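First comes the structure, then the notes that go with it.
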Amino acid sequence: MIDIYGDLNNKDYLPQISETELSDDQVLVELSAIKKRLGNKVVVLGHHYQQDDVIAFADITGDSLELARKAAEIKTAEYILFCGVHFMAETADMLTGESQKVILPDMRAGCSMADMANRREIDVAWKYLTECTSEKIVPITYINCTAALKSFVGEHNGSICTSSNAEKVITWGLSQGEKLLFFPDQHLGRNTCFKLGIKLEDMVIYDPRKRFGGLIPEEIQKAKVILWYGFCSVHQGFTPEHNKMWREKEPDRIRIVHPECSFEVVQGADLAGSTSFIVNQIKSAKPGTKFAVGTEINLVNRLSKEYPHLDITSLSPYQCLCTTMYRIRPRWLLESYRAIEKNLPINVIQVDEVTKKFALKALDQMLKIS
Ligand code: 13P
Ligand code: SF4
């Protein structure tokens, strides 16, 4: 049998389900039964980008802010099965109680954007930036990052944000100091700051792959916002040409995009906002309304099925799929349930106490602002 999980972080548990042992249909039957058997002991959280056959087993669905809030409210369940990506499970671990365990059904479900910044790089950048200017820099991180970066932000009195509350958090950040360091997503940072009235020429990119981040001291002194170079490879798949194509072909189709898309794509769209913003706009649309949606394809396809009185399609003719979210499959959910039933939980996500102390401070700051 192949080890499909990488590090199970429970060596006493022997994986039971190989890729071939159970058919997909058998997995669904067994999963329904075990979910019923374990009842309230386990709560399943599912991010909007998960596939339909995973969402079918979710007790709570939402975007990253909603799931973080819900995780904090779960008081009785012993286990939280997080169907999303690694940084979301880490966040849930920090917001849930000491005795509760958060499980990521497949340890390979990471986030390529979160991988674009690590603690060492941020420490190096911070040292350089704070040496270059005497003005106060407030660090703000998108929730799509490791707990170590959240901890950095807590240590330096900044805040975390999600795509739903970025405007509020950035407004708060600007009231706390003269400059912002925003990481890891340059697009969410630029799109939100621009919306708040900051000029493009007052934003610079810090690229850790370049010497001194590619910035000379004068550029740092002049800038209001220093954006980390990171991006989402899924949302970067939407281009200005896609906007142009729909504008010319069907001018009445509303182009609505996530702020992880590039500045040009956001500017060329009719509407831009977080995952929950997109869902809410679609929910409240009049019958017959047409949308071209610039976000992850599983969500777009689900919305199209859920609202048959609307005409919903992807902004891009190509599949913009989050391949890491896609790794969570019902069979790995079943494997996680089986391990819980044997009291040998696998894939437990646990943030160490030192990291957690300051990361929680930054998370609390975010929840207070939003
Ligand atoms: P939301 O905050 O909109 O859930 O986005 C999370 C994410 O990873 C989007 O790519
Ligand atoms: Fe990360 Fe992009 Fe996937 Fe969101 S869609 S989890 S930002 S890679």
Side-chain angles (χ1 to χ4, degrees), residues 45 47 62-72 80 82 84-98 100-102 104 107 109-127 129-130 137-170 172-173 176-177 180-186 188-189 192 206 208 225-232 260 274 324 348-370:
L45 300 185
H47 188 270
D63 68 4
S64 57
L65 179 62
E66 289 159 346
L67 293 179
R69 281 192 191 288
K70 293 289 178 192
I80 289 99
F82 207 113
V85 290
H86 194 273
F87 74 80
M88 296 179 183
E90 270 190 344
T91 305
D93 174 54
M94 293 189 282
L95 292 171
T96 47
E98 287 299 303
Q100 295 174 304
K101 286 191 167 50
V102 176
L104 185 64
M107 292 298 241
C111 164
S112 54
M113 177 203 287
D115 292 342
M116 289 178 190
N118 63 44
R119 179 68 196 245
R120 192 190 55 78
E121 289 169 332
I122 293 286
D123 282 336
V124 169
W126 187 253
K127 185 168 182 299
L129 296 172
T130 50
I137 308 175
V138 180
I140 297 197
T141 184
Y142 190 20
I143 198 163
N144 296 35
C145 69
T146 61
L149 296 199
K150 292 182 176 79
S151 185
F152 170 91
V153 164
E155 282 170 46
H156 294 88
N157 303 312
S159 178
I160 293 164
C161 75
T162 72
S163 56
S164 294
N165 59 22
E167 275 180 58
K168 280 188 191 162
V169 173
I170 287 178
W172 169 86
Q176 303 296 303
L180 297 184
L181 168 62
F182 188 95
F183 50 89
D185 185 17
Q186 60 164 292
L188 179 67
T192 313
Y206 182 98
V225 180
I226 300 136
L227 300 167
W228 199 257
Y229 85 108
F231 55 87
C232 166
E260 285 177 17
S274 67
T324 48
V348 177
I349 303 297
Q350 208 166 12
V351 178
D352 69 84
E353 286 306 316
V354 180
T355 306
K356 189 170 153 179
K357 181 176 166 207
F358 286 107
L360 259 185
K361 183 179 165 207
L363 272 170
D364 287 342
Q365 183 60 60
M366 171 186 87
L367 293 172
K368 213 161 38 174
I369 299 166
S370 50

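Not measured: the values here are computed from a predicted model. Values reported hereafter were calculated over all heavy atoms of this structure, with side chains retained and with hydrogens, waters and symmetry mates removed.
Remark: side-chain polar atoms of T130 are paired, donor with acceptor, to backbone N or O of K127 under 3.5 angstrom. In terms of modelled atom types and a separation under 3.5 Å, the side chain of S163 and the main chain of S274 share no donor-acceptor contact.
Listed by chain and residue number, R120, E121 satisfy the side-chain contact (heavy atoms from CB on, under 4.5 Å) test with N118 (two or more places apart in sequence, or in another chain). Under the rule for a side-chain contact (heavy atoms from CB on, under 4.5 Å), the partners of A362 that lie at least two apart in sequence or sit in another chain are V153, I160. Among residues two or more places apart in sequence or in another chain, the side chain to side chain donor-acceptor pair (under 3.5 Å) test is passed with K101 by none. In this structure, the side-chain contact (heavy atoms from CB on, under 4.5 Å) partners of Q350, at least two apart in sequence or on a different chain, are D93. Applying the side chain to side chain donor-acceptor pair (under 3.5 Å) test to S112 and every residue at least two apart in sequence or in another chain returns S233. When the salt bridge (charged side-chain N to carboxylate O under 4.0 Å, His left out) test is applied to D115, no partner is found at least two apart in sequence or on another chain. With sequence neighbours excluded, the residues satisfying side-chain contact (heavy atoms from CB on, under 4.5 Å) with E90 are H86, T146, A147, I349, V351. Partners of E167 by side chain to side chain donor-acceptor pair (under 3.5 Å), not counting sequence neighbours, listed by chain and number: K195. In terms of the salt bridge (charged side-chain N to carboxylate O under 4.0 Å, His left out) criterion, K368 has no residue partners (sequence neighbours excluded). Partners of R69 according to the salt bridge (charged side-chain N to carboxylate O under 4.0 Å, His left out) rule, which considers only residues two or more places apart in sequence or in another chain, do not exist here. Under the side chain to side chain donor-acceptor pair (under 3.5 Å) criterion, T355 pairs with D352, not counting sequence neighbours.
The aromatic rings of W126 and F152 lie perpendicular to each other, with more than 60° between the two planes, well past the 30° mark.
In this structure, S159 and I369 approach most closely via the heavy-atom pair OG-CD1, 3.8 Å. Taking each heavy atom of C161 and L188 in turn, the nearest pair found is SG-CD2, 4.3 Å. The minimum heavy-atom distance linking H47 with G84 is given by the pair CB-CA, 4.4 Å. Contact detail for G230 and M116: the closest heavy-atom pair is CA-SD, 3.6 Å. Heavy-atom minimum distance, G173 versus L180: C-CD2, 3.7 Å. When all heavy atoms are compared, the tightest approach of L104 to A109 is CD2-O, 3.9 Å.
To the nearest 0.5 Å, atom OG1 of residue T91 and atom CD1 of residue I143 are 4.0 Å apart. Taking CD of E353 as the start and CG of L360 as the end, the distance is 9.0 Å to the nearest 0.5 Å. Distance OG1/T141 to CG/L149: 6.0 Å, rounded to 0.5 Å. Atoms CD1 and CZ, from I122 and F183 in turn, are 4.0 Å apart once rounded to the nearest 0.5 Å.
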Test side-chain contact (heavy atoms from CB on, under 4.5 Å) applied to T162 and M366, step by step: CA-CA 9 Å; T162 72; M366 171 186 87; 3.9 Å; yes
Verdict with reasoning, F182 to I170, per side-chain contact (heavy atoms from CB on, under 4.5 Å): CA-CA 9 Å; F182 188 95; I170 287 178; 3.9 Å; yes
side-chain contact (heavy atoms from CB on, under 4.5 Å) evaluation trace for K361 with N157: CA-CA 8 Å; K361 183 179 165 207; N157 303 312; 2.6 Å; yes
D185 vs N144, side-chain contact (heavy atoms from CB on, under 4.5 Å): CA-CA, chis, key distance, verdict: CA-CA 8 Å; D185 185 17; N144 296 35; over 6 Å; no
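Annotation: salt bridge (Lys or Arg N to Asp or Glu O under 4.0 Å) contacts involving residues 137-159, sequence neighbours excluded, comprise R119-E155.
A donor-acceptor contact under 3.5 angstrom links the side chains of S164 and D63, judged on distance only.
A heavy-atom distance below 4.5 Å is not found between the side chains of C145 and F87.
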